[in-house]
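Inspection log for the structure reproduced underneath, given as structure tokens.
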2 protein chains.
Amino acid sequence: MAAAVRVKLAEPGRVVADLTLRKMLGYNIKRAYIVIQADLTRLLEPFGLRLVTFSALSVIVDNPDIQQSQLARTIAIVHPNLVAIVDELETRQLVERRPAPGDRRARVLRATAAGRRLCEQATRQMIRREAAYAASVTADQREVLFDALKAVENSISEER
Amino acid sequence: MAAAVRVKLAEPGRVVADLTLRKMLGYNIKRAYIVIQADLTRLLEPFGLRLVTFSALSVIVDNPDIQQSQLARTIAIVHPNLVAIVDELETRQLVERRPAPGDRRARVLRATAAGRRLCEQATRQMIRREAAYAASVTADQREVLFDALKAVENSISEER
DNA sequence: TATTGTTATACTCTATAACTATA
DNA sequence: TATAGTTATAGAGTATAACAATA
């Protein structure tokens, strides 16, 4: 006669696990994103930058005289939300809005010397922080990680 | 005599790139997370589930009689926010709140038959969708991706 | 008719403070 | 004194609609 199977319930102290979820990329990437995002947000705080303002500044530095609409598309935010971001950077005199030559609707963005300097400092810190993440994986793994993230991102984006 | 270097500006049509940002894990993971998250949210819509309600349901199914506080810690959300999530699942009769034996403060969560069924169906769809992502990377790359994400997540979490 | 920049607005997600009832 | 569940609330982040100016 078979003994009754006793289902193990969740008492305090019992190990509770998200085993099913951990098999899914969506869940793993969310968990990793949350901690990285919090970590980098903290890192940028002394510079008075948020992740989005840093991203915007970085792209402006790399692409002098970029239009706001181009910037919005590049960093994947809807254009109404970019206004406050550029306002913030402009108020701190890190970037300038100038009339776009040849299109009187548009305005082009250019980083000031102070903006370029701040961006450089922040970027240096970010790279250093990233190196700390990389310490937990090999160089090969890091490369695969980057390539796989982009491949997945593109495979989904291209569908719609 | 050297010709004056003409800086290429951002005209409409010019390729604008986030090259500096793309060297950073934080940026790549954010971009990938956004598209995956949107994709999976769409997938769960027909089930009447959001990503977080699906996560909660999945952990409850896997851990019968888990306490709310344990669940909150497991899926990394602060406990006040779990209340509405469990309310939602309970209203739809996917889970039940029961008094916790031995601790009259606590309540334990158990999935109903309907909850288990819905979770199973949703999980099957999620796994199928994940397989589509996996098609853009090799099996080896997928494994490295998962391991690297967890390694990075843990390397940051352990610091604080 | 479409696009650029803008304002206003709403909705989701996440975080904190504070309460109650128990331990 | 600390913990479990709860309520209320506030702050990010993100999305849509609608407008003026211009293409």
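Chain identifiers are assigned alphabetically (A, B, ...) following the order of the sequence lines, protein sequences preceding nucleic acid strands; residue numbering begins at 1 within each chain.
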Could you state the [atom1]-[atom2] distance from [X] to [N], rounded to the nearest angstrom?
{"X": "B/R107", "N": "D/dT3", "atom1": "CZ", "atom2": "C1'", "result": "16 Å"}
{"X": "A/Q37", "N": "C/dC13", "atom1": "CD", "atom2": "P", "result": "15 Å"}
{"X": "B/L51", "N": "C/dT12", "atom1": "CG", "atom2": "C1'", "result": "12 Å"}
{"X": "A/L82", "N": "C/dT7", "atom1": "CG", "atom2": "C1'", "result": "14 Å"}
{"X": "B/K30", "N": "D/dA12", "atom1": "NZ", "atom2": "P", "result": "15 Å"}
{"X": "A/R31", "N": "C/dT14", "atom1": "CZ", "atom2": "P", "result": "11 Å"}
{"X": "B/L109", "N": "D/dA4", "atom1": "CG", "atom2": "P", "result": "13 Å"}
{"X": "A/E88", "N": "D/dG13", "atom1": "CD", "atom2": "C1'", "result": "13 Å"}

Margin query: With no hydrogens and no angle check, just 3.5 Å: does a side-chain donor-acceptor pair link B/R129 and B/Y133?
Written below: no
Every protein N/O within reach of nucleotides 15-20 of chain D N/O, cut-off under 3.5 Å:
from	atom 1	to	atom 2	distance (Å)
D/dA15	N7	A/N81	ND2	2.8
D/dA15	N6	A/N81	OD1	2.8

Margin query: Looking at B/Q121, I want to see if its CD is surrounded by more than 12 non-hydrogen atoms of other residues, nucleotides or ligands under 6.0 Å.
Written below: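 Yes - once you tally the heavy atoms of other residues, nucleotides and ligands closer than 6.0 Å, there are more than 12.
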Next item on the list: Give the intermediate values and the outcome of side chain to side chain donor-acceptor pair (under 3.5 Å) for residues A/T74 and B/D18.
Entry: CA-CA 7 Å; A/T74 304; B/D18 48 357; over 6 Å; no
Check: Are A/R97 and C/dG5 close enough that a side-chain N or O sits under 4.0 Å from OP1 or OP2?
Finding: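 Answer no for this pair, as no side-chain N or O of A/R97 is under 4.0 Å from OP1 or OP2.
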Check: Taking only N and O in the side chain of A/Q68, is any of them less than 4.0 Å away from OP1 or OP2 of C/dT6?
Finding: yes
If you define the side chain from C-beta out and look only at heavy atoms, does anything of [X] sit under 4.5 Å from [Y]?
{"X": "B/D62", "Y": "B/V59", "value": "no"}
{"X": "A/L145", "Y": "B/Q141", "value": "no"}
{"X": "B/E96", "Y": "B/L109", "value": "no"}
{"X": "B/E120", "Y": "B/R116", "value": "no"}

Margin query: Go nucleotide by nucleotide along DNA chain C from the 5' end; which of A/A106 and A/D87 gets its closest nucleotide reached first?
Written below: A/A106
Notebook entry, point to check: How do A/Y33 and B/S69 order along DNA chain D: which one's closest nucleotide is nearer the 5' end?
Noted result: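 Whichever sits nearer the 5' end wins; that is B/S69.
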Margin query: side chain to side chain donor-acceptor pair (under 3.5 Å) for A/E153 and A/S157? Distances and angles first, verdict last.
Written below: CA-CA 6 Å; A/E153 178 188 338; A/S157 306; 5.0 Å; no
At a cut-off of 3.5 Å, list every protein nitrogen or oxygen paired with a nitrogen or oxygen from nucleotides 21-23 of chain D, distance to 0.1 Å.
from	atom 1	to	atom 2	distance (Å)
D/dA23	OP1	A/R104	N	2.9

Check: Do the side chains of A/I36 and B/V144 join up, straight or via other hydrophobic residues, at under 4.5 Å, putting them in one cluster?
Finding: no
